[in-house]
Amino acid sequence: MYGPVDVQELYYDIQDILIRFKENPINPVHFPDEENCLKVKRVKAYRNVKKS
């Protein structure tokens, strides 16, 4: 699912996913602009990618 992602970056995504799921419990949870959650091609956490 993820490419060669750093463990810390993956941890950030997990934190953000848990927050999103608490706010809106839909399954599967996905980030905006990533409709297919099974094809994540990022190597950075979503929060760090969207900063740039």
Side-chain angles (χ1 to χ4, degrees):
M1 289 171 30
Y2 279 82
V5 65
D6 183 64
V7 173
Q8 187 66 43
E9 297 292 323
L10 185 60
Y11 177 70
Y12 291 148
D13 267 0
I14 292 168
Q15 287 179 321
D16 294 340
I17 286 170
L18 291 173
I19 291 168
R20 286 179 180 274
F21 191 76
K22 283 182 184 177
E23 293 171 357
N24 188 12
I26 60 167
N27 191 12
V29 174
H30 66 278
F31 294 108
D33 303 322
E34 291 185 349
E35 291 78 24
N36 190 343
C37 60
L38 297 178
K39 290 187 178 180
V40 177
K41 297 180 181 178
R42 297 182 271 104
V43 294
K44 295 278 187 186
Y46 183 81
R47 66 170 82 167
N48 293 333
V49 170
K50 289 302 172 181
K51 283 182 184 177
S52 350

Mind listing the closest non-hydrogen atom pair of Val43 and Val5 along with its distance? O-CG2, 3.3 Å
For Pro32, give me all partners under side chain to side chain contact (heavy atoms under 4.5 Å, CB included), at least two apart in sequence or on another chain. Arg20, Tyr46
For Asn48 and Glu9, the nearest pair of non-hydrogen atoms, with its separation, is ND2-OE1, 2.8 Å
For Asp16, check salt bridge (Lys or Arg N to Asp or Glu O under 4.0 Å) against everything at least two apart and list the hits. Arg47
Using a strict cut-off of less than 4.0 Å between a Lys/Arg side-chain nitrogen and an Asp/Glu carboxylate oxygen, indicate whether Arg42 and Glu34 qualify as a salt bridge. yes
With Gln8 via side chain to side chain contact (heavy atoms under 4.5 Å, CB included) - residues at least two apart: Asp6, Tyr11, Tyr12
Separation between CD of Glu23 and CG of Leu18, rounded to the nearest 0.5 Å: 11.5 Å
